[in-house]
Structure formats: structure tokens, C-alpha cells
Trainee: 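Pasting a structure below so you can have a look.
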Amino acid sequence: MDEQALLGLNPNADSDFRQRALAYFEQLKISPDAWQVCAEALAQRTYSDDHIKFFCFQVLEHQIKYKYSELTTVQQQLIRETLISWLQAQMLNPQPEKTFIRNKAAQVFALLFVTEYLTRWPKFFFDILSVVDLNPRGVDLYLRILMAIDSELVDRDVVHTSEEARRNTLIKDTMREQCIPNLVESWYQILQNYQYTNSEVTCQCLEVVGAYVSWIDLSLIANDRFINMLLGHMSIEVLREEACDCLFEIVNKGMDPVDKMKLVESLCQVLQSAGFFSIDQEEDVDFLARFSKLVNGMGQSLIVSWTKLIKNGDIKNAQEALQAIETKVALMLQLLIHEDDDISSNIIGFCYDYLHILKQLPVLSDQQKANVEAIMLAVMKKLTYDEEYNFENEGEDEAMFVEYRKQLKLLLDRLAQVSPELLLASVRRVFSSTLQNWQTTRFMEVEVAIRLLYMLAEALPVSHGAHFSGDVSKASALQDMMRTLVTSGVSSYQHTSVTLEFFETVVRYEKFFTVEPQHIPCVLMAFLDHRGLRHSSAKVRSRTAYLFSRFVKSLNKQMNPFIEDILNRIQDLLELSPPNGYQSLLSSDDQLFIYETAGVLIVNSEYPAERKQALMRNLLTPLMEKFKILLEKLMLAQDEERQASLADCLNHAVGFASRTSKAFSNKQTVKQCGCSEVYLDCLQTFLPALSCPLQKDILRSGVRTFLHRMIICLEEEVLPFIPSASEHMLKDCEGKDLQEFIPLINQITAKFKIQVSPFLQQMFMPLLHAIFEVLLRPAEENDQSAALEKQMLRRSYFAFLQTVTGSGMSEVIANQGAENVERVLVTVIQGAVEYPDPIAQKTCFIILSKLVELWGGKDGPVGFADFVYKHIVPACFLAPLKQTFDLADAQTVLALSECAVTLKTIHLKRGPECVQYLQQEYLPSLQVAPEIIQEFCQALQQPDAKVFKNYLKVFFQRAKP
């Protein structure tokens, strides 16, 4: 072996050596006999370096996985012997191999096993067991090999081909017949031998039993001698976690409902009499988390049995199963309420399913009602934050608690389905007593009280948030709590979690303020002062900005008396942050919500149009003035960092102006509000940024977005600005710029249609030249991003042509001169046939159908009929016949559907002449059999287009090899 290259296997080697080692590995993988060198090195223990041993196993692994069938019988025999002699050597080694080598060796054994067991090596396990016997090192490897085999055969995370899946099923069936009882016996011997002397091997063996139990005959394991031994392990500290997991796998095994019930009950009896149900005596939380998972498994298994028995009409046994479930509820509750969240989280599944049973029962017993109440109290207690939760810097522990809270929320929703009255009453009791004394109560209790009120909205659902109408007792309870929330002063509580929960709840129950509008001013003040938008925590300010905009939007009819006051109070929050990096109270993203809110207040006010215009001017003029100054500064800025921060600032100004326009609607248009002039002034102010040579990307992107908004909001007043804006945006632009510019032109075309025809005719060829220039640029063969950019630009180009033809503006193309028209048409034909992109192909066929519909008749442009027969008809056949045209792909089927429409449209416009051409010229040229030609032409002439679409798919499926 190349000793120099092997040096690179050491993780501390320098990168040149590592590269060399990688190249050497690749070379050995291809070499037909390199694996023999590796096999020999392993069998004769040539190398002591761990990384080289690992490397040798990797080469063997590659040989077995990908090239085994190429080996002769003798060579295959050699691999088997190599592995067995390596295994024998492990028995005598003074030191065991490192774990990573043992695991890799186990993987190689497992690969060889799945390849050979059914054919050449049926005695695989016998051979291995005869080598390892009860030697602890040998047993360790035997157990690792078993885990690797289980992972090859049944691991659901490994993707198998259908061939491998069939093979794996056959292997499992054969193992069940031939060797599983012997394997189980070997496990029993290992457990018995090592339970008191070698915990590592015993735990490995328990893991093997747990893994195999899912697919072997359960009676081999679920019997007195095994179960008693496992229960014995439950009392040995170093074994009990693995024993618990092993029992969990046994309990989880699918089986007859009555048998399962008996198994679980007998297990429970033994565990209970051994004192395992006394949770409070146990201090080891890691063990309790596993035990909780086991109890959860037992509970859920009993519930599955109950469900099956009910379904089968076996009422007597179903009663027994329910009885068995009920006797576990006390234990379940102890685990649910446990202070360790992992222990509690592991039992939630059982709890959830138990509530599902109660929901199905016609009446609940007193005990069951008490259980529901106990679960409810447990959920309320466990929802509470603990002292350690870090609100300012949330890490992994905090993320886990947030996830755990989501599980508890599901339990609360389920409780609401079982007993909505009880839930409402319990929440009301907790809420009222907490808010009475909020000043002297710990933050986590205040937070959870408000949180529970918040959660009721989803737990007791109503349509369109109508919590305060309909069911009187529920409405009055919620109204009561909301009144308490907004009048108690709790919004002043000095903790971010309480503050946020207050605002979240106020916004969730905004309909309350339509019933009791007198509370709006005090809530608005909370939003606007140090409790909300001016809070000391940036996190609170940010969330409040969003919630404030939602609050104002949903209550806009109630806002009229407060509009000017609010606009005055948010004045300082609207200021553009200077480009020197100084951070104002709100980030620019948060400011977007404030600008939108200001827009909503002005537009939805009851003021006359002049007043709305004046207010909108006050809002936008500072932005325009700041924009002009900053643009001048940018033109003079030398330093690139300074340029970037100025461009950011300019972009924010445009973004804020764009956002205010979101307040307009069909009922309240810009024109009706008298605001057209203000926005046209903005356009006038922002458009010069397009000719700025610095920071083009960011400036163009902002102005483009503003133009999109203006095309939506303004009427034809926007049109005079479009030509010069387009001219600037087409100057020295890249593929990405064009991709983003085309949707703007499409939007204008679709909205204004014939009004923009002169403009489109003028800019049509310059735009196309810019597109073709980018598409024809040479790129590296394997440059994926360049290829993708071209594909996206091609799609945008075809989308543009589709918009032009679809908006009834084909004269824009027709007036470009015969040569240009032909060039455009040829690109569409190429798009339909040449490029394997079904999305673009579909668009191209839509364009072709449209053009045939417009120009394909007797009075169409000169030469177009010729083009139809020479190019469009062939495209409809050449595209689907390509190997890349995959008829199993949904997008491709859509493209084929449009192809069918194109052929139907040609037939519609050209009549019998089209059929004659297909019958006598085109289809014979493709060597299509006469009877198929006949069939094709009949399908084409069917009045129902759907019939032809279906036929066309079958036609091409038959035609392709």
C-alpha cells in the first residue's frame, strides 16, 4: 500500500496529505484487486494505526456494496475467511479495538450477511457464535453485528429499493424459520452470564432484544424466564434504563388486544409490587424519563386494545381494558405533574389518548370527572415558566420548553373537547384570583393566567373570532376576563413575558372592543407608551409594532376619535434611521408596520378627501425630503461601506412609502382619498435613483417594488413615468435585473392593455436584445447557478410574450418587422422543443395557441400559415418525443395538455387542410403506421378537447421506447 498516502488518514495530517489519502481511497475503490491488499492487511494485522484499519474496512465495504457480483467464488470465499479470521484475532488481542473500528467492522459483516445469507452463507450466525462463544470481546462484536443487521433490514430511515425490500423480507422470514430461536437463546445466555459482571455488554444485549422484538415471534421474549430477568434488571442501577426501554419495545409490539391487555397487566402488577409506582421515592430523573416512556407505552397499548375491542363489539373485554386504563391514571398524573419536563413530556401521549376515550363515552363517572380536572390543573401548573428561563437570550433549553408548551396546548384543546364548561370555569378561577393580586404575584403565575385566557380562543373555537356573541354564559365569562385584563393595570407589570402576553391577548380578542369600546383609549395608551412601542426591551417593541398594526386594522371603524392623537404620538417612531448606524427605537422592519398603521388610520378615517390628502402629505413629505438629501450624498460618497449604508437608508424610505399604500382598497382608492398627487410626487422623487450608478441592485429593487405598488394603486397617472423608468432599468443590466423587470412590464401590460401599446412597441426589441444578450453569454459547462439563472430568465421571457399575446396585443409583435417577428417565433419554437423545462414549454405552447388563434385564419399575416405547418405542427410532435419529456411528471403533463390545445387550435383555424397535411405529409414522414394516423386524425376532430388530450398522452406513451 502507498505508505505516504496512508499518512493522510491521520486527522492531524496537513491538507496535502489528506487530499492524497482521499485520492488514494478513490483509486483503491476502482482498482479490481486493491481490496485483497486491504483484506490481507486486516487478517494479518499488518497495521497498528487505527485510521488505516478503518480505511481497510471502508475499501472492503465499498467492494461488498457495489462490486461483489464481479468477484469469483474463490474471491468471495476469501472475504468471508478474512472477516472470520479478523474476528478470531479479536479474541486474543490484549486491547479491544476502538469503538469506531468495531462499528465499521459490524457494518461490513452486516453488508456481507444481507448479500450472502440466503445463498452462500446460511450458517453465518453459527460460524460467528462458534468463534465468539461467551468471550466478552467476541460478544461485544456479535451484538454490534446484530444491531447493524437490524439496521440493514428494518431501519425505516434507510431508503431501500423495492428489490432490496423484497430481499429483506425474505431474509427475515428465513431467519425466523432457521435461526431466531438460537439467537434468542444466545441473548438469554449473554444476559444471564454478564448481568452482574459486565453492564456494558448486558445493556448492548438489551438493546438488541428491544430492536429484534418488533419483527420476531413475541412469545420467544414475552415469557416468564425473560420477563423475570428483565424485571430483575429494573432493580440494578446500571441496567435499569436499558431494561425499561426493552420492556417498552415488548409492550409496543402489535398483537391480539386481549393478549396485549394480559401482558401489560401482568407487567404492571410486578412493577407495582416491586415499588416502581412510588414515583416520589425515586430521585434518578434519567431513569424516570425512561419509566415514564414505558408507562406511556403501556397506557397507549391498552387504549389501542380498547379501541379494537369496541370496534369488534367485544363489550366485556372492552370494559376490562377500560378498567385497566383507569387504574393507570393516578400514575399518569404523577408523571405528568413531575417537575422534570422530560418525564412529563413522555406521558403526554397516554394522557391525550385517555381524554380521547372520555370524549367518546356517553356519560362520565365522578372519578373520570375528577381525572379531567386533575389533568387540567396539571396542565395549568406545567405551562408555567421556571425561574431559570432566560428571556433575553433564549437557547436550547428554552426552545425545548417552548416545544413542550405546544404539547401541553394540545392537551388543553383536547380537555376543551371533553368538558368545555369545566375548562372555562377553571381558567376563570385561576385568572381572577391571580389578577386580583397581580402586584404581589410572581411573573410566571401572572403570565400563565393571561396565557390561559389567550389559549381559550383556540380551545373553544368560534367562527371569525365571535367570542362575545352566541352562547351567553361563555361570552359573559370571556367578557368578564377581558374587562379585568384591560382595567386591572396588569399591562404595567415589569416583566417582558407578561407584557407580551397582555398585548397578544388584547389583539386575539379584538372583538371585545366592539362590545365595550370604552376600553380602547387605555389599551391604545399601553401600545404607545413605555409598556409597548417605547418599552426598554427591543423584543417587546418589535412584537408590539406588529400587534399594534393588527389592532388598528381590525378596529379601524372604532379608531376615528383617536386618529390625530395617534399620528402625533407616533411621529418620532416614523423617523428614518440615519446612515451612521445609530439604532433608533424600532428597526426598519418594525417601522414598516408603523407606516402601514398610519396609512390605515388616514385612509379609513371619516375625514373628507382634502384632510386625508393633507395627513398623507405630512406622513410622506419627510421621507421625500430625506430621500433627496441622501441621494445627493450617495452620488458623492467615496467609501463603499458608506455607499452601502446610504443605499440601505434610501431603500428604507422607498419601502416605507410603498407600505403606506397597502391601506388602499377597492372601496377606498387613492383617487377617492385625494392622494394621487402625493404618490405621484413620491414617484417623481424616487425615480432619479434609477440613474444612480452606485449600489444599483438595492436602489433598483426598492424603486421597482414602489412601481409595482403604484401600478396597482394609481390609474393611468402612473403611465407617463413608465418609459423613462424602463429605459433606466434596462441600462447595463444583468440577468437577475431582467428577471425582476419583466414582471413589472407584465403587470403594466395586463392592467392597461391597449393604452400601453405604443410604449410596448417601442421598448419590445430593446428588451428582447437585452434578454438575448444575457442568454447567449458563454458560461462554464458545470456552472449550475449560471444555468439556473438562464433557465429562470428564459421562463420570464416567455411569460412576457404570453402576457403580450394574452392581453390582445399581438400587434406589438406584428409591428416589429418581418425579420424580428420571425426571430421571436423561432425562439418560442425552440422553447417548446429544445429546452427540457416543462414550465417554459407549457408557456410556449400557450403562446403558440394564442398566435394561431389570432393569426392562423385565412386573413392572417402573410407567411404565417406556412410557419404553422413548417414549425408549429412539428414542435407539437418533436417536444413530446424527446427523451427528457417525462410523461410521469405532473408539470410535463400540463405542457402536453397545452400542446394538445395548440393542435386543436390549428385544426379549428385551418380545418380539413390541417387534417390532410397530417395524414398525407407530416405523420407519414415520422413513419407512423397508417391505422394510427387514421386514429390520430379522428381523435383530433372530436369536438370534446378533453378526449384529444387524453388520446395524445396515450399516443406518445406508445411512441416512446
Side-chain angles (χ1 to χ4, degrees), residues 139 143 146-147 184-214 216 218-253 255 259-302 324-325 327-336 338-340 342-347 349-350:
V139 169
L143 295 170
L146 283 169
M147 284 309 287
V184 173
E185 187 53 44
S186 74
W187 304 336
Y188 184 75
Q189 297 301 333
I190 292 167
L191 290 173
Q192 207 174 26
N193 245 289
Y194 287 112
Q195 56 187 344
Y196 303 118
T197 57
N198 189 330
S199 59
E200 201 178 319
V201 162
T202 310
C203 285
Q204 266 178 285
C205 192
L206 289 170
E207 194 185 347
V208 168
V209 175
Y212 278 72
V213 123
S214 70
I216 64 173
L218 188 64
S219 65
L220 294 168
I221 304 289
N223 50 45
D224 286 350
R225 69 172 191 156
F226 247 106
I227 296 290
N228 288 338
M229 188 189 291
L230 287 173
L231 291 167
H233 294 164
M234 290 284 286
S235 306
I236 301 172
E237 199 158 323
V238 284
L239 304 181
R240 59 190 193 158
E241 288 183 25
E242 275 304 337
C244 225
D245 283 352
C246 190
L247 285 170
F248 170 78
E249 294 299 341
I250 292 169
V251 164
N252 241 12
K253 166 100 173 171
M255 58 195 289
D259 292 346
K260 173 62 72 77
M261 186 164 66
K262 285 179 182 158
L263 172 69
V264 170
E265 283 304 78
S266 63
L267 257 181
C268 278
Q269 273 173 339
V270 183
L271 288 170
Q272 191 162 9
S273 53
F276 284 103
F277 285 16
S278 312
I279 302 298
D280 38 9
Q281 312 287 302
E282 181 55 67
E283 289 171 3
D284 180 351
V285 289
D286 289 340
F287 168 68
L288 270 184
R290 308 277 183 111
F291 181 68
S292 183
K293 182 178 154 193
L294 172 61
V295 176
N296 189 60
M298 295 196 289
Q300 287 187 308
S301 294
L302 289 171
I325 294 163
T327 57
K328 313 290 175 290
V329 171
L331 176 61
M332 172 187 84
L333 284 166
Q334 274 185 287
L335 292 164
L336 181 66
H338 197 283
E339 61 179 22
D340 184 279
D342 287 341
I343 295 168
S344 171
S345 169
N346 282 347
I347 200 76
F350 176 22

Trainee: Quick one: are Asn193 and Thr202 in side-chain contact, heavy atoms under 4.5 Å?
Mentor: no
Trainee: Going by the rule ring pair (Phe, Tyr, Trp, His ring centres under 6.0 Å), which residues pair with Tyr194 if we only count those two or more places apart in sequence or in a different chain?
Mentor: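 Result, ring pair (Phe, Tyr, Trp, His ring centres under 6.0 Å) vs Tyr194: none returned.
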Trainee: If you look at every heavy atom in Cys246 and Gly210, which pair is closest and at what distance?
Mentor: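 Between these two residues, the closest heavy atoms are SG-N, 3.9 Å.
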Trainee: Tell me every residue that passes side chain to side chain contact (heavy atoms under 4.5 Å, CB included) with Ser235, counting only those two or more places apart in sequence or in another chain.
Mentor: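 So Ser235 forms a side chain to side chain contact (heavy atoms under 4.5 Å, CB included) with Phe276.
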Trainee: Applying side chain to side chain contact (heavy atoms under 4.5 Å, CB included), can you list everything that pairs with Gln300, at least two apart in sequence or on another chain?
Mentor: Asn296, Phe350, Asp353
Trainee: So, taking the atom named CZ in Arg290 and the one named CE in Met234, what distance separates them when rounded to the nearest 0.5 Å?
Mentor: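 Arg290 atom CZ to Met234 atom CE measures 11.5 Å (nearest 0.5 Å).
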Trainee: Just verifying a value: how many Å separate Ser344 OG and Glu339 CD, rounded to the nearest 0.5 Å?
Mentor: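 With rounding to 0.5 Å, OG (Ser344) is 11.5 Å from CD (Glu339).
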Trainee: Heavy-atom distance under 4.5 Å between the side chains of His233 and Gln195, does that happen here?
Mentor: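 The answer is yes; the side chains approach within 4.5 Å.
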Trainee: Take Thr327 and Val329, measure what side-chain contact (heavy atoms from CB on, under 4.5 Å) needs, and give me the verdict at the end.
Mentor: CA-CA 6 Å; Thr327 57; Val329 171; over 6 Å; no
Trainee: Say you draw a straight line from CE of Met147 to SG of Cys205; how long is it, rounded to the nearest 0.5 Å?
Mentor: 11.0 Å
Trainee: Given 3.5 Å as the limit, does a donor-acceptor pair link the side chain of Asn346 with the main chain of Ser292, or not?
Mentor: no
Trainee: CD of Gln189: more than 12 outside heavy atoms within 6.0 angstrom?
Mentor: yes
Trainee: Drop me the distance from Leu143's CG to Trp187's CH2, to the nearest 0.5 angstrom.
Mentor: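 Output value for this atom pair is 9.5 Å.
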Trainee: Not counting sequence neighbours, which residues clear side chain to side chain contact (heavy atoms under 4.5 Å, CB included) with Ser345? List them please.
Mentor: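 Per chain and number, Ser345 pairs via side chain to side chain contact (heavy atoms under 4.5 Å, CB included) with Tyr404, Gln407.
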Trainee: Charged N to carboxylate O under 4.0 angstrom, Glu265 versus Lys328?
Mentor: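 Looking at Lys328 together with Glu265, the answer is yes, because their closest N to O distance falls below 4.0 Å.
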Trainee: Under a 4.5 Å cut-off applied to non-hydrogen side-chain atoms, are Arg240 and Asp284 in contact?
Mentor: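 The answer is yes, as the side chains (C-beta and beyond) meet within the 4.5 Å cut-off.
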Trainee: Would Leu263 and Met255 count as a side-chain contact (heavy atoms from CB on, under 4.5 Å) here? Give the steps.
Mentor: CA-CA 10 Å; Leu263 172 69; Met255 58 195 289; 4.0 Å; yes
Trainee: Can you check whether Asn228 reaches Val270 side chain to side chain, under 4.5 Å on heavy atoms?
Mentor: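 Of all side-chain heavy-atom pairs linking Val270 with Asn228, none is under 4.5 Å.
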Trainee: Side chains of Met298 and Phe248: does their closest heavy-atom pair fall under 4.5 Å?
Mentor: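 A side-chain contact is absent here, since even the closest heavy-atom pair is not under 4.5 Å.
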Trainee: Answer whether the closest heavy-atom distance between the side chains of Asp245 and Leu206 falls below 4.5 Å.
Mentor: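 A side-chain contact is absent here, since even the closest heavy-atom pair is not under 4.5 Å.
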Trainee: Can you list everything that forms a side chain to side chain contact (heavy atoms under 4.5 Å, CB included) with Val285? Sequence neighbours excluded, please.
Mentor: His338, Asp340, Ile343
Trainee: With a 4.5 Å limit on heavy-atom distance, are the side chains of Val295 and Leu271 in contact?
Mentor: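 The answer is no, as the side chains (C-beta and beyond) never meet within the 4.5 Å cut-off.
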Trainee: For residues 218-226, run the donor-acceptor check on the side chains, cut-off 3.5 Å, and write out each pair with its distance to 0.1 Å, sequence neighbours left out.
Mentor:
unit_1 : atom_1 : unit_2 : atom_2 : d
Ser219 : OG     : Asp217 : OD1    : 3.0
Ser219 : OG     : Asp217 : OD2    : 3.0
Asn223 : OD1    : Phe226 : N      : 3.1
Asn223 : ND2    : Ser219 : O      : 2.9
Asn223 : ND2    : Leu220 : O      : 2.9
Arg225 : NH2    : Glu185 : OE1    : 2.8

Trainee: Please check this pair: side chain of Lys260 against backbone of Leu302, looking for a donor-acceptor N/O pair closer than 3.5 Å.
Mentor: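 It does not hold such a pair.
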Trainee: Are Ile250 and Leu267 side-chain neighbours, meaning at least one heavy-atom pair lies under 4.5 Å?
Mentor: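 No; the side chains remain at least 4.5 Å from each other.
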Trainee: Quick one: CD on Glu242 to SG on Cys203, what's the gap to the nearest 0.5 Å?
Mentor: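 Separation between the atoms: 5.0 Å.
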Trainee: Enter the distance from Ser273:OG to Gln269:CD here, rounded to the nearest 0.5 Å.
Mentor: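 With rounding to 0.5 Å, OG (Ser273) is 7.5 Å from CD (Gln269).
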